[in-house]
Amino acid sequence: MTPAHASTPAVPGAASAAASGRSAGRAGSAAALGAYSLLAVPLMMTALPLAILLPDFYTAHTALSLQAIGLVLLATRLVDAVADPLLGSWVDAQKARGSYMRPVLLAAPVLAVAFYLVFRPLQSLDAGGQAAWLFLTLTAAYLGYSLAIVAYQAWGAELAHDDAGRARITAAREGAGLLGVLVGGSLPQLAGYGVAAATLVALLALGLAALAWRAPRPPQAQPLPPGNPYFAFVVPLAARNTRWLLGVFALNALAPSITATVFVFFVADRLGLAAQAPLFLAVYFLAGAAGMPLWTRLARRFSLHALWLAGMLAAVAAFVWAYWLPAGAVGGFAAICALSGLAFGADLALPPALLARVIDANGHSGQREGAYFGLWNFVNKLVLAVAGALALAILDALGYRRGAQDAAALDALAFAYAVVPCLLKLAAAAWLLAAWRGRRF
């Protein structure tokens, strides 16, 4: 492995370097880093309710069919994904005029209000009206989240200009986000969606206050180059290193996206442990959060490429055993969740840090962070959509049907859940290794 600092690119411009050094010093404070990371808790708190719990909620509380709900969800996801690059370009334009706070302050109330309304469908509406309500409120929630997260990630990308610092910032943010996922996944079921919405408002207010008053500040805004700033999302794609990183990221992200799609089927039908599914998810996310300090510490000594490669291989080594698990293997599957969760921390902490490195290397630090992270989130959401369709198509082609108990169908389910993602991980690892050896990013 190569020492992390040995291959850190220089920051273009003496003034930018000096400002970067000052901001990195402030980011080094644990209190400042905590203040920056806190906003990730409420932002990620919305993830599971909007992605996983919402279809069941609308089936129980509205006249909409599953097919209609699925179509609305697809439409909102398409709008959300297409909007990300545009939002990223707008974030850069706002940063050039002052700071990232304006997009975050605009997005937070939109997200909070939309999150509350999406789980308050009007019973007086017919099915068409309820579908429109779902589309409008869910689209608003997605756009509020997307604007906030792009600005928030761009902010973090400017706080350090060495690999160890980048990994520390992204690990702290993503670790806090995993805690938010746990809160958001459990609170609606324990206390109801009204309490969850009120908690979201309180945590957003706390996170915004910490961000405004205690979080480290990015360097002074740099003027944007000539051209239309709102279509600057094409700029990152002109650089070869960006395209290489996005390719590895997309292929690698397919693996956990497929397991997420198949998880409920595997736990219920192959393991016969549907009641324990929330426990397994909690173990996985808690292990991911607990492993963040490990990846941060390792990033002080080794290159981000090497660590990400190690994380991919560790994930395969931990997860492939799920294929051979028998029914009722609570302990075995919990162990797999814990070990693969630790490895998953590498996927959360290291790729955004590598993207921040690419931004620096391309001379776009302080100017194009929003464009890069808007494109990054677009790719991530596109992968999620493709993975869902791919996973279900694989299950169908292999002969699995929900609730099946015959051996062939259950073997097909285990293959789709455990083997296919591991093969994708190995392919991504090979691509990353080639990129690392060839110094592609």
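Within the 3.5 Å criterion, the main-chain N or O of Ser257 finds a donor-acceptor partner in the side chain of Thr261. Between the side chain of Thr259 and the backbone N or O of Pro256 there is at least one donor-acceptor pair closer than 3.5 Å. Remark: side-chain polar atoms of Trp321 are paired, donor with acceptor, to backbone N or O of Ala317 under 3.5 angstrom. In this structure, Tyr145 contributes its side chain and Ala47 its backbone to no donor-acceptor pair below 3.5 Å. Between the side chain of Thr170 and the backbone N or O of Ala349 there is at least one donor-acceptor pair closer than 3.5 Å.
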### Task
Mind running ring pair (Phe, Tyr, Trp, His ring centres under 6.0 Å) on Phe285 and Phe344 for me, showing each step along the way?
CA-CA 9 Å; Phe285 289 124; Phe344 180 58; 7.2 Å; no

### Query
Yes or no on side-chain contact (heavy atoms from CB on, under 4.5 Å) for Thr242 and Phe441, after CA distance, side-chain angles and deciding distance?
CA-CA 7 Å; Thr242 307; Phe441 60 83; over 6 Å; no

#### Entry: Residue pair Met45, Leu182: steps toward the side-chain contact (heavy atoms from CB on, under 4.5 Å) verdict
CA-CA 7 Å; Met45 189 184 147; Leu182 286 172; over 6 Å; no

### Worked verdict on Phe249 versus Asn380 for side-chain contact (heavy atoms from CB on, under 4.5 Å)
CA-CA 8 Å; Phe249 170 70; Asn380 191 38; 3.8 Å; yes

### Task
Using the salt bridge (Lys or Arg N to Asp or Glu O under 4.0 Å) rule, take Arg301 and Asp163 through it: C-alpha gap first, then chi angles, then the decisive distance, then the call.
CA-CA 10 Å; Arg301 298 186 57 192; Asp163 285 351; over 6 Å; no

### Query
Between Tyr417 and Phe265, does a ring pair (Phe, Tyr, Trp, His ring centres under 6.0 Å) hold up when you go through it step by step?
CA-CA 9 Å; Tyr417 179 74; Phe265 304 136; over 10 Å; no

#### Entry: Trace of the side-chain contact (heavy atoms from CB on, under 4.5 Å) decision for Leu178 with Leu348
CA-CA 10 Å; Leu178 288 177; Leu348 292 178; 3.7 Å; yes

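Of all non-hydrogen atoms in Gly184 and Leu53, the two that sit nearest each other are O-CD1, 4.4 Å. In terms of heavy-atom proximity, Ala418 sits nearest to Cys422 at O-SG, 3.1 Å. Ala353 and Arg166 make their closest contact through O-CD, 3.3 Å (heavy atoms, listed as atom of the first residue, atom of the second, distance). Of all heavy-atom pairs between Gly311 and Ala343, the closest is O-CB, 3.7 Å. Taking all atoms of both residues into account, the shortest heavy-atom contact from Ala112 to Leu200 is CA-CD2, 4.1 Å. Pairing each heavy atom of Ala35 with each of Ala215, the nearest pair is CB-N, 3.7 Å.
Glu369 contributes atom CD, which lies 7.0 Å from atom CG of Asp92 (distance to the nearest 0.5 angstrom). Separation of atoms CD1 (Ile149) and CG (Leu111) is listed at 10.0 Å; rounding is to 0.5 Å. Going from atom CG of Leu187 over to atom CG of Leu48 covers 12.0 Å, rounded to the nearest 0.5 Å. Rounding to the nearest 0.5 Å gives a distance of 5.0 Å between CD1 of Ile394 and CD1 of Ile258. Asn252 contributes atom CG, which lies 3.5 Å from atom CE of Met312 (distance to the nearest 0.5 angstrom). Interatomic distance, CH2 of Trp295 versus CZ of Arg300, reported as 15.0 Å (0.5 Å rounding).
Ion pairing of Arg270 with Asp411 is present here, as a side-chain N (NZ or NE/NH1/NH2) and a carboxylate O approach within less than 4.0 Å. A salt bridge does not link Asp162 to Arg168: none of the charged nitrogens lies less than 4.0 Å from a carboxylate oxygen. Of the charged side-chain nitrogens involved, at least one lies within less than 4.0 Å of a carboxylate oxygen, so that Lys95 and Glu158 count as a salt-bridged pair.
Put simply, the side chain of Ser146 does not reach to within 4.5 Å of the side chain of Asn377, judged on heavy atoms. Side-chain contact check for Phe115 versus Pro49: some heavy-atom pair is nearer than 4.5 Å. In this structure the side chain of Trp308 never reaches within 4.5 angstrom of the side chain of Trp436, judged on heavy atoms. In this structure the side chain of Gln153 reaches within 4.5 angstrom of the side chain of Arg173, judged on heavy atoms. When side chains are defined from C-beta on, Tyr372 counts as touching Asn362, because their heavy atoms get closer than 4.5 Å. At a threshold of 4.5 Å between non-hydrogen side-chain atoms, the residues Phe266 and Phe333 count as touching. The closest side-chain heavy-atom distance from Val183 to Leu179 is not below 4.5 Å. In this structure, the side chains of Tyr100 and Arg217 stay at 4.5 Å or more apart for every pair of heavy atoms.
Not less than 6.0 angstrom separates the ring centroid of Phe378 from the ring centroid of Phe373.
In this structure, Arg243 places its CZ atom where more than 12 heavy-atom neighbours from other residues, nucleotides or ligands lie under 6.0 Å away.
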